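Presented below is the structure to which this report refers.
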Amino acid sequence: MTWEAVIGLEVHAHLATATKIFCACSTSFGAPPNTQICPVCLGYPGALPVLNRRAVELAIRAAIATGCTIHERSVFARKNYFYPDLPKGYQISQFDQPLATAGRIGGVRILRIHMEEDAGKSIHTGGVSHVDLNRAGTPLVEIVSEPDIRSAEEADAYLTRLRQILMYTDVCDGNMEEGSLRCDANVSVRKPGGALGTRTEIKNLNSFRYLRSAIDFEIARQSAVLESGGVITQETRLYDPSAGETRPMRSKEEAHDYRYFPDPDLLPLVVERAWIDEIARAIPELPHIRAERYQRDFALSAVDAEALVTSRPLAGYFEAAADASGNPRAAANWVRNEVLRILNEQKLDIADYRVTPVNLGRLIRLIDSGAIGGKSAKEVFDDMSASGDDPEQIVTRRGLAQISDPDVIREAARRVIERNATQVGQYRAGKAQLFGFLVGQLMKETGGKAKAELANSILRELLGS
Ligand code: ADP
Ligand code: MG
Ligand code: ZN
């Protein structure tokens, strides 16, 4: 019996605001512990939250970019629980009246997007526990998918696209290591097409690798339990990266009753249609739309197009190079194969890359006009990446210009024929494979710079074949 996996993701994304959601404290990452705090984010009695307009704007952007319906009226609620990193005793979130509902990314429906504040961080070292409240009050959106995902690969693809969208729109910096983007995975298995099974929730997966590995482990574990006649208990589990497995954290029985109620310190959030429309107009072309456009306009494969839209700066670089080169397909190949290789090798950001898209375009023009050959082009490119010089400069400096003057090539071919009388005789007597040898000799004679097609046709002409 094979089991079908059913997966829904809950993604928490830090909104890229300068200040927290209900106070003016900084949200910057990495400050010394407890230096970015005030009575509001510490939850002192009587301190009053004031909603950050920019956070609402970014949340609306996320909702528009994922095709959600935005509700002009939503409500902040208190989610009550005790934890050392939550000194207020409650988290301000949205519950039964969220900001947005019913969106979609690819084939995965989005159930809801709501706004909330992050908690602080507990740090356990050497038998002592500390709490750092710098993160308390950082604005978040929680993006909850429907259980439309069927495998670890699909979950990876969904989160990849969601992260791209949030980064394209400058809603979130997408940094999973710093916790700006975190993912909980809800996993169940069922007989194909049957009723939904009982799910478990794996908390706080902060890398794509962990997400895939945790889901695969959980599918295998649940399938094995059901195979052997057992039942799945609804519970929260934690993924242990070093063991590659998930372990129970708390079961449904121990689950919190959060006693949600509307926060009496905050009015309902009312956003005007005109503002939503204004935010919508400023949303840039999104990655999947861009990838479709590349396929349509430049006849790129889906795989190539996707590789070029992974980030907005990279896509911008490609488009500028395509423009400057007059040959978008060549530009796509160079960016995909060579530029990305160098960025990867040197751990560089496209923004810090020496070769401007205009210079890459000029290199492609040199190739297309026959000024340099394919092999020299690689050499010029590597030089450009190291020196930042213009391609024309490098071609001159390295003496790489191709010989495309037929008279020069003909002269060289005559010398080759004279010097290799034996092979020429054998070739003329029918040993056709000697042509390659003679072409090789001609290339040698011209220092490898004769334009290949010319070298071939002139040699054939002189050999009378
Ligand atoms: P909770 O608030 O308790 O986490 P939700 O109803 O908000 O519960 O669901 C959370 C996530 O669980 C959603 O992403 C949803 O798609 C997913 N989910 C719901 N039922 C199942 C199921 N049977 N198997 C897998 N995922 C599920
Ligand atoms: Mg949940
Ligand atoms: Zn504060």
Side-chain angles (χ1 to χ4, degrees), residues 3-12 17-28 31 34-44 47-52 55 77 79 81 87-88 91-96 98 101-105 107-114 116-120 132-139 142-152 154-155 158-159 162 183-191 194-205 211 214-215 218-219 222-223 226 232-237 249-252 254-258 260:
W3 299 87
E4 178 186 53
V6 174
I7 300 157
L9 297 187
E10 294 168 85
V11 174
H12 288 91
T17 55
T19 56
K20 294 185 179 179
I21 184 169
F22 298 120
C23 62
C25 292
S26 167
T27 55
S28 69
N34 299 310
T35 55
Q36 296 172 343
I37 51 178
C38 77
V40 174
C41 51
L42 291 182
Y44 281 17
L48 285 175
V50 177
L51 181 58
N52 181 339
K79 180 179 182 178
Y81 65 97
K88 285 211 291 278
Q91 177 192 24
I92 303 178
S93 181
Q94 295 187 313
F95 181 52
D96 52 357
T101 52
R104 178 183 292 278
I105 293 179
V108 179
R109 290 168 301 155
I110 290 171
L111 189 63
R112 55 188 270 143
I113 295 184
H114 66 255
E116 61 186 27
E117 59 179 341
D118 208 347
D132 175 8
L133 294 169
N134 283 349
R135 200 178 67 179
T138 299
E142 178 171 343
I143 302 163
V144 185
S145 88
E146 297 274 7
D148 289 344
I149 298 162
R150 294 291 171 269
S151 66
E154 284 182 27
Y158 165 81
L159 186 62
L162 174 57
C183 181
D184 304 339
N186 295 269
V187 180
S188 65
V189 299
R190 64 174 175 186
K191 293 179 180 163
L196 285 182
T198 302
R199 72 185 154 104
T200 60
E201 180 177 3
I202 314 158
K203 278 283 183 200
N204 270 329
L205 297 162
L211 173 70
I215 288 174
E218 196 55 21
I219 294 170
Q222 292 186 16
S223 304
L226 295 173
I232 304 298
T233 25
Q234 185 170 341
E235 63 190 1
T236 304
R237 298 176 71 89
M249 187 169 111
R250 56 172 184 257
S251 71
K252 188 72 181 172
E254 311 158 47
H256 296 106
D257 176 357
Y258 293 115
Y260 283 99

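All ligand and atom numbering here is 1-based and tracks the order in the structure. All values derive from a computational prediction rather than experimental measurement.
For V144, every heavy-atom contact with ligand 1 shorter than 4.0 Å involves the side chain, none the backbone. Under 4.0 angstrom from ligand 1, the non-hydrogen atoms of L9 all belong to its backbone.
Close contacts between ligand 1 and E10 involve ligand atoms 4 (O), 10 (C), 11 (C) [criterion: under 4.0 Å to a heavy atom]. Every atom of ligand 1 with a heavy atom of E146 under 4.0 Å away is listed here by number and element: 16 (O). Atoms of ligand 1 lying under 4.0 Å from at least one heavy atom of G197, given by number and element, are 23 (N). Interface atoms of ligand 1 facing P147, defined by a heavy-atom separation under 4.0 Å, are 16 (O), 26 (N), 27 (C).
The shortest heavy-atom contact between L9 and A155 is CD1-O, 4.0 Å.
Any N or O atom pair closer than 3.5 Å counts here, and L196 shares no such pair with ligand 1. Residue-to-ligand polar distances keep I7 apart from ligand 1: every N/O pair is separated by 3.5 Å or more.
Atoms CD and OG, on E4 and S223 in that order, are 11.0 Å from each other to the nearest 0.5 Å.
Y260 and F95 have parallel rings, their planes meeting at less than 30° on a 0 to 90° scale where 60° marks the start of perpendicular.
Closest heavy-atom approach to atom 3 (O) of ligand 1 within the set E201, R112, R199, E142: this belongs to R199.
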